[in-house]
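Reviewing the structure listed below.
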Amino acid sequence: MKFKLIAEYFDKLEKITSRIQLTSLLSELFSKTDRDLLDKVVYLIQGRLWPDFTGLPEIGMGEKYLIKAIAMATGIKEDEVERTYKSIGDLGEVALSLKTKHNEVNILSFIKAPEKTNELEVKEVYDDLAKIATSMGGGSRDIKIRIFVGLLKKASPLEAKYLVRFVEGRLRLGIGDATVLDALAITFGGSADYRPIVERAYNLRADLGNIARVIANDGIEKLKNITPIPGIPIRPMLAERLADPKEIMDKVKGKALVDYKYDGERAQIHRSGDDIKIFSRRMENITAQYLDVVAYVKDYVKSKDLIIEGEIVPIDPESGEMRPFQELMHRRRKNEIHEAIKEYPVNLFLFDLMYLDGKDFTNEPILNRRRALEEILETNDKVHIASHIIVDNVTDLMNYFYQAISDGSEGVMVKSISEESVYQAGSRGWLWIKLKRDYQSEMADTVDLVVVGAFYGKGKRGGKYSSLLMAAYNPEKDVFETVCKVASGFSDQELEDMQTKLESLKRADKHPRVVSQMVPDVWITPSLVAEIIGAEITISPLHTCCKNDRGGLSIRFPRFLRWRDDKSPDDATTNLEIQEMYSKQLKKVEEKSIDENI
Ligand code: ATP
């Protein structure tokens with residue numbers, strides 16, 4: 001399979017934004033893809049070489065090296081490449097333009113015809129890119145450049161454009177996971193009817209390449225029997241939110257398992273023999289940050305073939321009390337890990353089990369999963385099962401809620417214990433409902449929104465970013481719709497850090513997955529997620545979230561609370577959740593006015 005085909009499809013994909021067209025083009029590409037390359041092509045479309053959770057490095061070659069490589073591959077002087085870059089502002093386009101020029105010069109001067117005989121193969125491109133990504137240590141820079149120059153020399157102008165974009169980490173095809181799933185279902189199942197099967201498989205094994213490999217080797221029917229395997233993260237089950245305990249009890253049909261809701265870092269722990277891995281809420285491999293937790297699992301969990309889930313919480317070693325979750329941030333800095341492990345000890349509170357000794361537990365009711373978890377665990381002062389009770393009335397629920405809060409928890413997780421209470425990987429449903437401490441605000445909960453644009457400040461903050469255009473995720477359309485512009489809640493340090501955070505994400509035009517009427521000073525590639533609290537949700541003509549004839553939904557007086565590095569843009573609060581919060585708020589206002597009128 002020639003890389004030319006991929007470059008041509010990238011070129012077409014880049015020019016369209018309609019989800020339907022994207023899916024059908026992608027499906028066309030999949031049907032032309034060699035089966036043994038399907039997984040690699042899926043990764044390339046996502047602008048990566050392998051899934052994040054492998055912890056393997058991606059390429060990310062800086063501008064300077066790319067300029068050098070383009071110069072070496074085309075024989076054009078570096079300063080001319082730089083000049084062209086300054087005028088075009090996009091290294092992919094620079095590569096396309098200079099390769100075209102180079103080929104023309106070659107033809108005119110009869111030096112040689114552009115290399116046609118030796119067209120790039122997809123496998124060769126992938127293998128070379130993988131070599132570039134993984135070469136480390138002394139001399140690796142030269143090796144990386146040499147390999148890349150080799151690729152660029154063989155590439156056609158269009159191929160060069162996409163090779164450069166890929167290596168730069170800016171492929172910008174605007175294709176989310178959901179679109180890839182649709183295209184796989186259509187191509188190999190013949191219709192969108194296969195979408196739920198492909199999606200379920202992806203929820204249990206959050207690796208699109210793995211799913212593509214199963215389809216390529218065994219056919220799409222095999223996806224029906226897919227089970228989780230240790231080593232590939234499961235997409236986490238998520239909770240709905242409600243503020244009214246009576247409504248909660250109704251939703252769980254009168255009886256529930258109620259857990260403390262711990263405020264720490266969600267941890268999905270996989271063990272296969274002596275290999276223990278910990279994945280975060282957004283399925284990144286965070287094992288290195290929690291070597292102490294790895295040791296707890298080795299010492300206190302009996303099985304060697306499992307996937308379990310819990311919350312890692314910082315603990316005061318003296319009093320045993322829970323500490324603010326921000327303390328876990330110290331563990332993000334690689335060179336301070338060993339110090340941080342000593343200085344900020346943690347406990348593990350386990351709340352679920354999804355796989356044990358070869359058996360898929362995701363389809364088991366929650367009480368079976370909990371029992372299995374309890375059986376393999378030797379609890380002690382470091383490893384616990386989440387504190388819980390079973391309740392069948394509002395009074396018991398609320399008493400337990402107050403106890404949870406006075407013990408330093410955020411609230412409780414109310415979990416249905418019906419026969420249908422399976423582990424719903426990758427979805428937010430009413431089987432789990434969170435009831436949190438009140439935020440002293442009209443809004444019952446905070447929301448997690450994606451940064452899609454930024455505005456410069458005035459006066460003292462002139463020339464620096466000082467407010468952000470925030471968006472919710474629309475999973476149906478796989479786009480981000482704006483909800484508010486947030487300008488308050490940032491500390492001086494956070495504002496300072498924001499400048500660097502945004503710099504590498506800024507872009508000249510709106511990202512294809514962003515739907516916005518507002519035009520910010522700078523567009524930002526959707527990547528950063530922030531937790532926002534506001535006074536209330538209102539209808540606004542300025543925003544595009546849940547937009548209809550009356551306008552969109554927006555958050556009034558939004559305030560930044562913190563960055564949510566543990567969430568990816570697709571994990572942000574959805575348009576439907578905002579819609580639901582808005583409806584709840586209306587209901588609350590109605591009830592209040594009825595009460596006041598009585
Ligand atoms: P979400 O994960 O639902 O998108 P979020 O990350 O903003 O939301 P919260 O709204 O605070 O977090 O609640 C969900 C999180 O609560 C879970 O992702 C998990 O990390 C945490 N949690 C703490 N205790 C429990 C528990 N006993 N059962 C399930 N989740 C728990």
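As the structure lists them, so they are numbered: ligands from 1, and atoms in each ligand from 1. Along the sequence shown, residues are numbered consecutively beginning with 1. Worth knowing before you read on, the calculation uses all heavy atoms, side chains too, and leaves out hydrogens, waters and symmetry mates. Keep in mind the model is a prediction, meaning the values are calculated, not measured.
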Electrostatic pair [X]-[Y], nearest N-O below 4.0 angstrom:
X: Lys382; Y: Asp299; result: no
X: Arg513; Y: Asp570; result: yes
X: Asp566; Y: Arg266; result: no

Got the closest protein heavy atom to [atom], with its distance?
atom: atom 27 (N) of ligand 1; result: Tyr260 O, 3.0 Å
atom: atom 2 (O) of ligand 1; result: Arg281 NE, 3.0 Å
atom: atom 8 (O) of ligand 1; result: Lys434 NZ, 3.2 Å
atom: atom 14 (C) of ligand 1; result: Met413 CE, 3.6 Å

Q: Measure from atom 23 (C) of ligand 1 to every heavy atom in Tyr262, Phe349, Phe351 and give the option owning the shortest one.
A: Tyr262
Which part of [X] is near ligand 1, with near meaning a heavy atom under 4.0 Å away: side chain, backbone, both or neither?
X: Asp448; answer: side chain
X: Glu265; answer: neither
X: Trp432; answer: side chain
X: Lys415; answer: side chain
X: Glu311; answer: side chain

Which atoms of ligand 1 have any heavy atom of [X] under 4.0 Å away?
X: Lys261; answer: 9 (P), 11 (O), 13 (O), 14 (C), 15 (C), 16 (O), 23 (C), 24 (N)
X: Arg266; answer: 17 (C), 18 (O), 19 (C), 20 (O)
X: Arg428; answer: 1 (P), 3 (O), 4 (O)
X: Lys436; answer: 9 (P), 10 (O), 11 (O)

**Q.** Non-hydrogen atom of Arg564 closer than 4.0 Å to ligand 1
**A.** yes
Q.
Taking a cutoff of less than 4.0 Å between a non-hydrogen atom of the residue and any ligand atom, is Glu309 in contact with ligand 1?
A. no
Does a side-chain heavy-atom distance below 4.5 Å link [X] with [Y]?
X: Val414; Y: Trp432; result: no
X: Ser416; Y: Ile366; result: no
X: Arg564; Y: Asp571; result: no
X: Ser303; Y: Tyr355; result: no
X: Glu309; Y: Ile234; result: no

Q. So, Ser409 and Asp407: side-chain donor and acceptor under 3.5 Å apart, yes or no?
A. no
**Q.** Close N or O approach (Lys567, ligand 1; < 3.5 Å)
**A.** yes
Cut-off 3.5 Å, no hydrogens considered: what does the side-chain donor-acceptor table look like for residues 248-255, sequence neighbours left out?
residue, atom, partner, partner atom, Å
Asp250, OD2, Lys246, NZ, 3.3

Q: Report yes or no: does Asp305 contribute a side-chain atom to a donor-acceptor pair with the main-chain N or O of Gly358 at less than 3.5 Å?
A: yes
